[in-house]
Amino acid sequence: MRMDAGTGVVGLIGHPVGHSKSPEMMNRAFRARGLPFVYLAFDVSPQELETAVRGMQALGFRGWNVTIPHKVAILEYLDEVEETAREIGAVNTVVSRNGRLIGYNTDSEGYLRSLVDETGLELAGQRVLILGAGGAARAVAHALAVAGVESITIANRTREKAERLAASLGRKVDARALSLAEVARVAGETTLLVQTTSVGMYPETEAIPIDPSLLHEGMTVSDLIYRPRKTLLLREAEARGARVHGGLGMLLHQAALAFEKWMGRAAPVDVMRDALEEAMK
């Protein structure tokens, strides 16, 4: 598609973003819909977040995605936060509308769509262990709580952060917190393990967030990382008979929801999936 002075801009901010496949996926979607937009990725350090937000607003961006480590910190710079994102306490999609910045969270719905579509898992009754307590963990925890799982345990390097997330789930679900060093206490009873940290992400692909001996065939192991497509955690889980779920589907579905919020029309999901598949080869 030709670029000119009328080309609109959306994008991604995070730190790092060099691994991201979102530009390939989103730009293919714009071409498929004949929309005069371009999607760019920007590596923004935490110290420069406010400057980046104000700059993107001043430059007329239609909106942008937000990834690690900015999903919580960005709330401070928004004019309005949609109810689900406010409840989760994290934003992954910003829409600029009439001079106002509005924050949404499409991670939660995107994750559930991907998990259920790809695994067929019945969520009711699942005993969940979530590794990490950042923005992605918040989205997943709240989505699973609303979906009716039996219990959720949050394990994080700093237990205090895990405790805050567990407390935020309120009366939705039986929730508790542990440090990562304590996960052996609950691993045996866990039926759904969700890995939300950056451990194992490219280029540190031989890192693993927990002792693999804790994985077992009674688990579904879900890793939000999509590069590599199958992390060491997933390989170890598969070797032990567990059902596995990677992060590519969540990336696809949360992106489709973001596209719809920016453009006000249905996203070409099949086109976006093909672009992701090609970019991952």
Side-chain angles (χ1 to χ4, degrees), residues 12 14 17 19-29 32 39 41 65-68 71 84 88 90 92-93 104-123 126 128-132 134-149 191-202 205 209 219-238 242-262 266-281:
L12 167 71
V17 294
H19 66 285
S20 177
K21 301 302 179 184
S22 293
E24 290 95 324
M25 172 176 57
M26 299 301 287
N27 286 314
R28 183 82 65 86
Y39 184 104
N65 288 131
V66 184
T67 191
I68 294 172
K71 292 183 179 185
T84 299
I88 292 169
N92 80 316
T93 300
Y104 297 88
N105 193 302
T106 66
D107 279 337
S108 54
E109 185 178 348
Y111 177 73
L112 286 187
R113 284 188 186 183
S114 172
L115 180 66
V116 174
D117 287 353
E118 294 179 29
T119 69
L121 192 65
E122 176 59 55
L123 295 175
Q126 296 292 328
V128 182
L129 171 60
I130 296 178
L131 306 181
R138 285 175 168 270
V140 168
H142 280 265
L144 290 171
V146 171
V149 300
T191 59
L192 173 60
L193 171 67
V194 187
Q195 201 299 97
T196 73
T197 78
S198 60
V199 177
M201 185 172 70
Y202 179 85
T205 57
M219 277 183 179
T220 296
V221 178
S222 175
D223 196 333
L224 271 55
I225 290 171
Y226 65 88
R227 189 180 184 201
R229 185 78 174 267
K230 189 172 286 186
T231 60
L232 179 58
L233 174 67
L234 295 185
R235 300 198 307 271
E236 292 284 358
E238 202 168 47
R243 178 163 43 181
V244 299
H245 170 250
L248 206 64
M250 178 181 175
L251 175 65
L252 169 66
H253 288 292
Q254 65 80 23
L257 291 164
F259 179 100
E260 290 164 9
K261 293 185 182 303
W262 294 325
V269 176
D270 289 342
V271 169
M272 295 167 73
R273 181 182 290 108
D274 288 345
L276 269 183
E277 294 285 354
E278 291 175 20
M280 294 298 295
K281 290 179 180 176

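As the structure is a computational prediction, the values presented were derived from the model and not from experiment. Start at 1 with the first residue, then count along the sequence.
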Heavy-atom closest pair, residues Tyr111 and Ser222:
OH-OG, 2.9 Å

Closest heavy-atom contact between Ala137 and Ile130?
CB-CG2, 4.0 Å

Below 4.5 Å, heavy atoms only, C-beta onward: do Leu192 and Leu129 meet side chain to side chain?
no

Does the side chain of Leu234 reach to within under 4.5 Å of the side chain of Val221, using non-hydrogen atoms?
yes

Rounded to the nearest 0.5 Å, what separation is found between the CD atom of Gln126 and the CG atom of Leu193?
12.0 Å

Can a donor-acceptor pair be found, under 3.5 Å and without considering hydrogens, that links the side chain of Asp117 to the backbone of Gly120?
no

Going from OH on Tyr226 to OG on Ser20, what distance comes out if it is rounded to the nearest 0.5 angstrom?
4.0 Å

Given the options Lys230, Gln195, His245, Asp223 meets side-chain hydrogen bond (donor to acceptor under 3.5 Å, both in side chains) only with Gln195

Give me the one residue out of Thr220, Leu144, Val140 that meets side chain to side chain contact (heavy atoms under 4.5 Å, CB included) with Val128.
Leu144

Applying side chain to side chain contact (heavy atoms under 4.5 Å, CB included), run through Leu276 and Arg273 and close with a yes or a no.
CA-CA 5 Å; Leu276 269 183; Arg273 181 182 290 108; 5.7 Å; no

Nearest-0.5 Å distance, CE of residue Met26 to CG of residue Asn65:
6.0 Å

Arg138 side chain vs Ala90 backbone, donor-acceptor pair below 3.5 Å
no

Evaluate Met250 against Leu115 for side chain to side chain contact (heavy atoms under 4.5 Å, CB included), listing each step before the verdict.
CA-CA 8 Å; Met250 178 181 175; Leu115 180 66; over 6 Å; no

Can you check whether Ala275's main-chain N or O pairs, donor with acceptor, with Glu24's side chain at less than 3.5 Å?
no

If only atom types and distance count, is the side chain of Arg229 paired as donor or acceptor with the main-chain N or O of Met280 below 3.5 Å?
no

Just do the salt bridge (charged side-chain N to carboxylate O under 4.0 Å, His left out) check on Arg28 and Asp274 with the steps written out, would you?
CA-CA 9 Å; Arg28 183 82 65 86; Asp274 288 345; 6.0 Å; no

For the student: nearest non-hydrogen atoms of Pro209 and Val199, plus distance
N-CG1, 3.7 Å

Would you check if the side chain of Gln254 reaches a backbone N or O of Leu251 as a donor-acceptor pair within less than 3.5 Å?
yes

Would you name the heavy atoms of Ala147 and Leu123 that are closest together and state the gap between them?
CB-CD1, 3.6 Å

In terms of heavy-atom contacts, Thr231 and Ile225 come closest through CG2-CG2, 3.7 Å

Can you measure from NZ (Lys261) to OG1 (Thr93) and round to the nearest 0.5 angstrom?
8.0 Å

Of all heavy-atom pairs between Leu224 and Ala136, which one has the smallest distance, and what is that distance?
CD2-CB, 3.8 Å

Does the pair Leu112 and Glu109 meet the rule for a side chain to side chain contact (heavy atoms under 4.5 Å, CB included), with working shown?
CA-CA 5 Å; Leu112 286 187; Glu109 185 178 348; 5.9 Å; no

Any side-chain heavy atom of Leu252 sitting closer than 4.5 Å to one from Met25?
yes

Donor-acceptor contact below 3.5 Å, side chain Tyr39 vs main chain Ala29:
no

Distance from Lys71 atom NZ to Asn92 atom CG, nearest 0.5 Å?
5.5 Å

Euclidean distance, Met201 CE relative to Ser198 OG, rounded to 0.5 Å:
5.0 Å

Are side-chain heavy atoms of Ser108 and His142 found at a separation under 4.5 Å?
no

